[in-house]
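Fair warning: this is a prediction, and the values are worked out from it, not measured in the lab.
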Amino acid sequence: MDVMGDKATLFETGRFEQPAGEDPSRDETGEAAEDVRLRFAAETGDAGASSVLGARLLRRGDLDGAEPLLRAATAAGDRAAANNLGVLLHQRGYPEEAAGWWRIAAVAGSAAAAHALGRHHRERGDEPAAEYWLRQSAEQGHVLGAYALADLLEHRGDAAGEHWMRAAAERGHREASYRLARALDRKGTHEDGSGPDNAVEEAEQWYRQAAARGHQRAALHLGAILEKRGELKEAGRWYLISAKDGEPRAACALGFLLRDAGDTESAAVWWLRAAQDGDGNAANALGALHAERGETQTAERWYRAALDAGDDNGAYNLGLLCAEQGRTAQAEQWYRRAAYAGHREAANALAILLLQGGDTSGAEPWFSKAAEAGSVDAAFNLGILHAGKGTLADTRIGLRWYERAAAAGHTEAALQVGIARLREGDEQEAERHLRCAAGGGSSEAAYRLATVLDARRPPEPAHELGESVHEKTECEEWYERAATQGHRRAQVRVGMLAAARGDVVEAARWYRTAAEAGSRNGAFNLGLLLAREGSEPEAAVWWTRAADAGHGRAALRLALVYARRGELTEGQKWAARAVGLGPAEVAERAGRLRDALREELSA
């Protein structure tokens, strides 16, 4: 039960009732004169004057002076006096006697008394009686009665609670506005997207109403909605209002907003304020900031503060910090602490650490725990772990984990599923996964998708005048995407396609890019292109690079070049190299050339 006495508390509880005839706007200069007038009228038997004067004294905390006046007015049948007498008795520590007077006032039609009586019964566990009187108060339009009834019904899980919460909010109740907004916010943010489309929009309106009335958590949530929508300036304004009112989560959110805007120093000020108020997320942010600056001791101190505030990310970040410093044993301890608390990324990191130490059997259960908790990386790592065991059963288990990670958007997992489906001959399913992986930025997936599409491509139609007509196909677009991302085989393929359509400059550019990145096929093809253009000496340079990397055809080309130049010994050397490198047709031709050069040299 609220402790009452000062004016603000009396009004906020709703138990105090303004008697008829009292003017709350009267300035203090007339207070004493008005008291004298009311007292004179009360002494002459004016019940209304006794009620008003008693209420004034009660509001000032003068219980001894107020009680006889309120009792006199109550005896004369004044409803407001009966309610206020209940307030006075409750404050004196006589709740049952207070309830008796509230009942009298409530029966006489006092909404404030019905509210007070309803709260009295609820605090004693009598919910049916509490609901009856609160409903009486709410139905008379008493805002606090509506809120208290809504709170009671929501506590019981009664859907009618929202109706009364809305009624209280519509009448300006700050907490009702906030709670209605929270309920609507939850409806509109279901994970499956099944919430009403307008729920978040309506929630925003109620958050605004509550925030405008000084509700710090409403300002925080309003800021979050605006930030998500990209209205960062207004979001920052509400975060600032909430943070200044003492909401640490708003101070933390404001810090992140400032950091993203490039103002790290101001961000640190707000994170510090939030962290000192016990916000673990802000403490972690400060730790990360100091870690980036190389101030590892300070970073560790803030990570520990985050952990002390109950944020398991603190233990995980301590593990990361120790791992970066090579303190593997300490990293494992921190990862374990966070993992045992349910931190899925810590469980994944612990499993990786154990795997790196050769403890495969110890790593697997932690990967599983992290994956079951929703870690996509852990699911992918389980796929790698099982696929690496080599057995058919483990390969299938690994594929299932890859599929799970791929379904959650993991690019490399989608690539592995696509490769597996290609091996199985399920081209349609392979294409679907390769498209996902390629769309996620995998150059290997883009290349493999291009090869699948390339295999289906019909021959290019001929122009009616006999000239080739070329329009860029989808497979070429994927080859180019992979090539642009640095995929060497794709670069060679794009060069080949350019050469096929007669674009020698473009072909040479891609061949050279691939060759310089270490592609022996790129070096060989670049050599062919240069030789056709009459630059055989430069071609020989690239063929040498390709042959040194194990390209048999490049070695055969070099043997022919040196043979034509009359450098028979060098030609014989490269011919012998081509025999060893193959493939079979190259080895056969190179063998004949080698033997011929040998005979020429021995003649």
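- Electrostatic pairing of Glu429 and Arg432 counts as a salt bridge here, judged by a charged N lying under 4.0 Å from a carboxylate O.
- Between Arg589 and Glu585 there is no salt bridge, since none of the side-chain N atoms of the basic residue sits less than 4.0 Å from a carboxylate O of the acidic one.
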Item to complete: Under the side-chain contact (heavy atoms from CB on, under 4.5 Å) rule, what do Leu240 and Trp270 come out as? Steps first, then yes or no, please.
Response: CA-CA 10 Å; Leu240 180 61; Trp270 287 105; 3.4 Å; yes
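- Between Thr264 and Arg293 there is a side-chain heavy-atom pair separated by less than 4.5 Å.
- For the pair Glu202 and Lys187, the salt-bridge criterion is not met [side-chain N within less than 4.0 Å of a carboxylate O].
- Taking the side chain as every heavy atom from C-beta outward, Leu307 and Tyr303 never approach each other to under 4.5 Å.
- Using a 4.5 Å heavy-atom threshold, the side chains of Asn281 and Asn313 count as separate.
- You'll find the side chain of Arg448 stays beyond 4.5 Å of the side chain of Trp478, heavy atoms only.
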Practice prompt. Show the numbers, then the answer: is there a side-chain contact (heavy atoms from CB on, under 4.5 Å) between Ile225 and Glu234?
Written response: CA-CA 10 Å; Ile225 288 175; Glu234 189 180 0; over 6 Å; no
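- Here the closest heavy-atom approach between residue Ala267 and residue Gly255 is recorded as CB-O, 3.0 Å.
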Discussion item. Applying salt bridge (charged side-chain N to carboxylate O under 4.0 Å, His left out) to Glu538 and Arg512, what does each step give before you reach the verdict?
Written reply: CA-CA 12 Å; Glu538 189 180 353; Arg512 191 179 297 275; 3.5 Å; yes
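- At a cut-off of 3.5 Å, with distance as the only test, no side-chain donor of Asp377 or Asn348 sits close to an acceptor on the other residue.
- Enclosure of atom CZ in Arg396 is not indicated, since only 12 or fewer non-hydrogen atoms of other residues, nucleotides or ligands lie within 6.0 angstrom.
- For the atom pair CG of Leu560 and CH2 of Trp574, the computed distance is 13.0 Å after rounding to the nearest 0.5 Å.
- Applying the salt bridge (charged side-chain N to carboxylate O under 4.0 Å, His left out) test between Glu476 and each of Arg481, Arg501, Arg493 identifies Arg501 as the sole match.
- Using modelled atom types, one finds no donor on one side chain facing an acceptor on the other under 3.5 Å when comparing Gln330 with Trp334.
- Note: His410 and Phe380 have parallel aromatic rings, judged against thresholds of 30 and 60 degrees for the angle between ring planes.
- In this structure, the separation between NE2 on His551 and CG on Asn525 is 7.0 Å, given to the nearest 0.5 Å.
- Panel note: side chain Thr395, backbone Thr391; a donor-acceptor pair is recorded below 3.5 Å.
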Discussion item. Between Val586 and Leu581, is the side-chain contact (heavy atoms from CB on, under 4.5 Å) condition met? List the steps.
Written reply: CA-CA 8 Å; Val586 170; Leu581 292 173; over 6 Å; no
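- One N or O on the side chain of Trp543 and one on the backbone of Phe524 form a donor-acceptor pair closer than 3.5 Å.
- Using a cut-off of 4.0 Å between Lys/Arg side-chain N and Asp/Glu carboxylate O, Asp548 and Arg545 are scored as not salt-bridged.
- For the side-chain hydrogen bond (donor to acceptor under 3.5 Å, both in side chains) condition, the pairs that include at least one residue of residues 251-263, sequence neighbours left out, are Asp263-Ser266.
- A donor-acceptor pair under 3.5 Å is absent between the side-chain atoms of Tyr239 and the main chain of Arg249, judged by distance alone.
- Within a 6.0 Å sphere centred on CZ of Arg337, other residues, nucleotides and ligands contribute 12 heavy atoms or fewer.
- Contact check for Tyr402 versus His386: no side-chain heavy atoms found under the 4.5 Å cut-off.
- Looking at every heavy atom in both residues, Gly552 comes nearest to Ala578 through O-CB, 3.7 Å.
- For the atom pair Glu295 CD and Glu292 CD, the distance stands at 11.0 Å (nearest 0.5 Å).
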Discussion item. Under the criterion salt bridge (charged side-chain N to carboxylate O under 4.0 Å, His left out), I'd like the reasoning laid out for Arg404 against Glu372: C-alpha separation, chi angles, the key distance, then a yes or no.
Written reply: CA-CA 10 Å; Arg404 182 164 175 173; Glu372 294 295 349; 3.4 Å; yes
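- The shortest distance between side-chain heavy atoms of Leu180 and Glu162 falls below 4.5 Å.
- Under a 3.5 Å cut-off, the side chain of Thr484 and the backbone N or O of Glu480 do form a donor-acceptor pair.
- Taking each heavy atom of Ala414 and Cys436 in turn, the nearest pair found is CB-CB, 4.3 Å.
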Worksheet entry | CA sep, side-chain torsions, deciding dist, call: Leu220, Tyr207, side-chain contact (heavy atoms from CB on, under 4.5 Å) | CA-CA 9 Å; Leu220 166 67; Tyr207 279 138; over 6 Å; no
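- When all heavy atoms are compared, the tightest approach of Cys252 to Ala274 is N-CB, 3.8 Å.
- The shortest side-chain heavy-atom distance between Gln297 and Arg301 does not fall under the 4.5 Å cut-off.
- Judged purely by atom type and a 3.5 angstrom limit, Gln491 uses its side chain to pair as donor or acceptor with the backbone of Ala483.
- For the pair Arg577 (side chain) and Ala555 (backbone), a donor-acceptor distance under 3.5 Å is absent.
- Taking CG of Leu353 as the reference point, atom CH2 of Trp366 lies at 12.5 Å (rounded to 0.5 Å).
- Looking at Arg456 and Val452, their side chains come closer than 4.5 Å, going by heavy atoms from C-beta outward.
- The 12-atom threshold is exceeded at CZ of Arg435, counting heavy atoms of other residues, nucleotides or ligands nearer than 6.0 Å.
- Formation of a donor-acceptor pair under 3.5 Å by the Ser375 side chain with backbone atoms of Ala378 is found in this model.
- Once rounded to the nearest 0.5 Å, the distance linking CZ of Phe367 with CD1 of Ile352 reads 5.0 Å.
- Taking the six-membered ring where the residue is Trp, Tyr447 and His487 present parallel rings, their angle staying beneath 30° rather than reaching 60°.
- Put simply, the side chain of Ser242 gets close to the backbone of Gln216: a donor and an acceptor are under 3.5 Å apart.
- Here Glu201 contributes atom CD and Leu184 contributes atom CG; the two are 11.5 Å apart, rounded to the nearest 0.5 Å.
- When all heavy atoms are compared, the tightest approach of Ala379 to Ala405 is CB-CB, 3.9 Å.
- In plain terms, the two heavy atoms of His433 and Ala406 that are nearest each other are CD2-CB, 4.2 Å.
- A salt bridge links Glu444 to Arg489: one of the charged nitrogens lies within less than 4.0 Å of a carboxylate oxygen.
- Contact check on Glu403 versus Arg400 returns no salt bridge, with no Lys/Arg side-chain nitrogen under 4.0 Å from an Asp/Glu carboxylate oxygen.
- Distance alone, capped at 3.5 Å, is enough to place a donor-acceptor pair between the Tyr511 side chain and the Met496 backbone.
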